[in-house]
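Below you'll find the structure, written out as structure tokens, and then a few comments.
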Amino acid sequence: MISNIRDILENALASLDIKYDNQIHVERTKRVEFGHFSTNLPLVLTKLLRQPPLKIAEKLSEKIKLPDSIDKIEIKPPGFINFFLSPATLQNFIPEILERNEKYGSSDFGKKQQVLVEFVSANPTGPLTVGHGRQAVLGDTIARILEWNGYKVEREYYYNDAGRQMRILGESTFVRYRQLLGFDDELGEEHYQGEYIKDIASELVEKYGNKFQDDCDNEIFKNSAEAAVFKDIKATLKKLAIHFDCFYNEKSLYDSGKIESVLKDLKEKNATYEKDGAIWFKGSEFGANSDRVLWKSVADEATYRLPDIAYHITKYMRKYDLIIDVFGADHHGTYPDVIAGLKALGYDIEKIKVVIHQFVTLTQGGQKIKMSTRKATYVTLDELTNEIGKDVVRYFFIMRGANSHLNFDLELAKAEGDENPVFYLQYAHARICSILRKAENRNIEPDSQNLSLLTEPESLNLLNILSEFGEICQLAANSLEPQQIITYLQKMATAFHKLYTEHIVISEDIEITKARLQLIKATKIVLFNGLKLIGISAPERM
RNA sequence: GCCCCGAUAGCUCAACUGGAUAGAGCAUCUGCCUUCUAAGCAGAGGGUUUCAGGUUCGAGUCCUGAUCGGGGUACCA
């Protein structure tokens with residue numbers, strides 16, 4: 001529709017001999033009295049033509065040839081031209097929606113481009129926290145939205161099981177193991193205090209008895225802990241309907257020699273220098289804030305930046321057209337170095353999009369709940385999901401833009417009443433299902449013969465919103481902002497609930513009943529598709 | 001110090017990426033269930049969009065500066 005209007009305006013411009021090279025801006029309006037679509041073209045042309053916008057609008061509108069789909073246009077100060085769709089145009093969306101059904105709203109916009117979405121990427125030192133939850137849901141939903149728009153998406157989890165944190169995890173397990181064997185060892189300040197370590201230790205006691213009681217360096221402690229933690233992480237993610245196509249281990253970068261070769265390449269590109277016995281990367285020459293150490297002098301090993309760069313190079317090697325990294329705010333300082341590194345090596349950094357999300361604060365009754373991983377005072381994502389369910393967790397994590405701090409109100413999330421916004425959407429779906437069931441019981445067949453009877457403002461408004469779904473899906477894909485979908489679904493559910501209250505669907509008038517049944521069937525499809533897109537279930541009864 | 005994010009109704013946040021009268025939910029108050037699900041609908045109150053400048057026909061949105069929050073700023077990951 002938008003491109004139709006653009007064509008109409010371009011024709012009008014041509015017949016007035018006006019040259020305007022930029023794309024004409026046509027957008028959905030906010031209010032019904034401004035019609036369905038609007039353009040600011042006259043305002044944009046004022047400078048070029050040196051005429052008042054209203055005058056330009058007059059001239060343009062005289063030359064505009066209206067197709068049947070548009071009822072009328074209006075000129076409104078300071079210089080907008082508003083387009084009003086005909087009721088028939090809106091009504092005709094119903095057959096289209098019913099026809100496309102579970103595909104309605106999807107697109108082939110992505111042209112099957114290969115996309116890699118990296119998210120969560122928490123090292124396996126303990127259960128996922130609520131903070132990881134935001135990233136997990138955000139990343140997964142972005143992936144879903146891209147798939148919906150015709151991209152081929154793979155989800156990847158990057159982790160490192162070789163570092164200091166993992167060593168401490170092993171030590172913590174060892175201490176717990178000794179404790180269970182009756183030694184009075186104590187956990188140190190730096191150790192992980194969580195209960196899950198005890199469980200892992202007790203399994204070791206069961207399996208091996210005291211066989212390793214003096215063998216603190218044995219890999220078995222770290223390895224069993226890692227395996228147990230990963231098993232739990234995967235189980236938690238599964239509860240949230242999240243899966244990964246690949247778990248990428250940083251260690252493989254060392255094993256395959258990629259780390260060394262990247263360092264060598266950077267040296268050859270003259271992007272490094274030596275200082276104080278360490279090897280530095282000239283980040284500031286390639287857009288980063290400052291130069292950083294790549295290879296330590298105090299220990300003969302790389303800093304994390306080098307494997308991070310090497311890891312991203314594998315993403316290029318694996319031929320992805322688009323690379324999306326979802327990070328928490330605590331990582332925002334590291335990615336510019338990675339990008340600078342890739343730039344130095346000549347990779348096309350336009351392919352990378354980084355989504356940074358801000359922190360999550362968990363509140364209960366207005367009180368902040370403090371979170372510390374090491375002290376195990378945090379609420380785990382698993383506990384949260386068990387408590388309030390997948391749908392509410394997913395909804396809460398994507399209802400705000402990634403750039404906003406997320407205030408997760410446990411009280412509100414737990415509420416099963418009308419104050420919980422998730423149910424507003426699901427309730428609309430359940431209500432529609434209920435009506436459709438009733439119609440079926442009465443043997444009323446919906447049909448599209450008399451859609452022209454749908455002339456009430458509530459129906460036309462709902463239809464207008466339903467017709468917008470595809471645009472919203474693309475917007476969400478382009479901006480990588482899942483909350484666009486939520487905002488839209490809220491608006492649509494409101495329009496439906498309003499219609500429901502004002503007009504009874506199944507009435508004595510059989511013709512209008514059939515038409516309205518078609519309308520709510522179409523509404524159900526959009527609700528269902530929208531909820532599925534963000535990974536939330538659409539219940540048939542509530 | 002420097003870098004990133006934020007500041008919008010009492011609270012939590014939107015605002016289609018520069019448009020028209022800044023909108024929702026929660027909370028408060030008032031109505032609406034003998035009819036398809038009241039987990040709903042209608043109405044009321046609540047705003048100098050933190051402040052000061054600037055760009056623009058037009059600014060919550062862009063630029064500069066300030067103030068206040070959060071995060072980062074290791075040869076930790």
Side-chain angles (χ1 to χ4, degrees), chain A residues 25 27-31 33-34 38 40 42-44 46-47 52-53 76-80 82 121-123 125 159-160 162-166 250 276-280 289-290 292-299 301-305 307-308 328-334 336 356-359 361 363 366 399-409 412 415-424 426-428 430-439 442 468 471-472 475 478-479 481 483-484 486-488 490-491 493-494 496-498 500-502 504-507 513 516-517 520 541-542:
Chain A
H25 193 67
E27 64 177 12
R28 297 255 174 192
T29 58
K30 275 182 191 159
R31 311 165 171 275
E33 60 265 37
F34 295 149
S38 139
N40 62 353
L43 288 161
V44 180
T46 32
K47 213 162 206 177
K76 278 277 160 67
F80 294 99
N82 297 329
S121 296
N123 289 342
T125 58
Y159 70 101
N160 168 21
R164 200 178 85 97
Q165 290 176 27
M166 295 306 293
E250 181 188 319
D276 307 328
I279 300 172
W280 293 67
N289 283 324
S290 51
R292 302 287 180 186
V293 170
L294 288 176
W295 199 270
K296 304 174 190 176
S297 63
V298 292
E301 60 182 17
T303 66
Y304 64 91
R305 290 169 222 278
D308 277 1
D330 53 340
H331 275 66
H332 88 263
T334 71
I356 301 279
H357 69 85
Q358 300 300 310
F359 274 29
T361 330
T363 60
M399 68 180 175
R400 305 301 179 213
N403 276 341
S404 308
H405 273 257
L406 179 64
N407 203 315
F408 201 112
D409 186 338
L412 182 62
E416 295 201 351
D418 51 3
E419 62 269 48
N420 194 324
V422 189
F423 299 121
Y424 188 78
Q426 296 184 319
Y427 186 58
R431 261 184 157 177
I432 292 172
C433 291
S434 170
I435 301 171
L436 293 175
R437 276 195 301 271
K438 186 164 182 177
R442 295 194 187 174
E468 196 185 352
E471 294 159 37
I472 297 292
L475 175 71
N478 281 332
S479 58
E481 290 176 345
Q483 86 276 10
Q484 300 285 355
I486 296 241
T487 310
Y488 167 79
Q490 286 287 341
K491 186 170 84 173
T494 299
F496 165 73
H497 284 308
K498 174 81 174 161
Y500 179 93
T501 313
E502 299 290 330
I504 194 152
V505 174
I506 300 174
S507 67
T513 297
R516 284 197 182 133
L517 283 172
I520 65 165
R541 295 167 203 273
M542 285 175 76

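Atoms considered below: every heavy atom in the structure, side chains included; atoms not considered: hydrogens, waters and symmetry mates. Here the structure is a predicted model, which means the values were calculated and not measured. Reminder, nothing fancy here: chain letters follow the sequence lines and each chain counts from 1.
For A/Lys76, the side-chain contact (heavy atoms from CB on, under 4.5 Å) partners are A/Glu74, A/Asn82, not counting sequence neighbours. Taking A/His332 as the reference, nothing meets the ring-ring contact (aromatic ring centres under 6.0 Å, His included) condition, with sequence neighbours excluded. Judged as a side-chain contact (heavy atoms from CB on, under 4.5 Å), and not counting sequence neighbours, the contacts of A/Ala122 are A/Val120, A/Leu128, A/His132, A/Tyr157.
A/Thr513 places a side-chain N or O within donor-acceptor distance of the main-chain N or O of A/Ser507, the cut-off being under 3.5 Å. At least one donor-acceptor pair closer than 3.5 Å links the side chain of A/Arg516 to the backbone N or O of A/Ile504.
Side-chain atoms of A/Ser297 and base atoms of B/C75 include a donor and an acceptor less than 3.5 Å apart. At a cut-off of 3.5 angstrom, counting only N and O atoms as typed in the model, there is no donor on one side facing an acceptor on the other between the side-chain of A/Tyr427 and the base of B/A39.
Atom-to-atom, CG of A/Leu406 to P of B/U12 comes out at 12 Å; the value is rounded to the nearest Å. Between the P atom of B/A77 and the NE2 atom of A/His331 lies a distance of 11 Å, rounded to the nearest Å. One interatomic measurement links the two molecules: CZ of A/Phe423 to P of B/G25, which rounds to 17 Å at whole-angstrom precision.
For A/Lys296 and B/C76, the shortest distance from a side-chain N or O to OP1 or OP2 is below 4.0 Å. Distances shorter than 4.0 Å separate none of the side-chain N or O atoms of A/Arg305 from OP1 or OP2 on B/C76.
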Using nucleotides 1-8 of chain B, report all nitrogen or oxygen pairs with the protein that are shorter than 3.5 Å.
from	atom 1	to	atom 2	distance (Å)
B/C3	O2'	A/Asn289	ND2	3.4
B/C5	O2'	A/Gln358	NE2	3.4
B/C5	O2'	A/Asn403	O	2.8

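Considering only side-chain atoms of A/Tyr500, the nucleotide from B/U35, B/A38, B/C41 that sits closest is B/A38. Side chain of A/Lys498, nearest nucleotide from B/C36, B/U12, B/A42: B/A42.
Under 3.5 Å, the side chains of A/Thr29 and A/Arg31 contain no donor-acceptor pair of N or O atoms.
Nucleic acid contact for A/Ala329: sugar-phosphate only, since backbone atoms but no base atoms lie under 4.0 Å from a heavy atom of the residue.
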request  = Whenever both distances are under 3.5 Å in a Watson-Crick or G-U wobble pair, mark it; put RNA chain B into dot-bracket that way, with [ ] for crossing pairs and | when the partner is on another strand.
outcome  = (((((((..((((.....[...)))).(((((.......))))).....(((((..]....))))))))))))....
query = Once each nucleotide of nucleotides 16-22 of chain B is scored for protein heavy atoms under 4.0 Å, what B/S/- sequence comes out, 5' to 3'?
reply = BB-BBB-
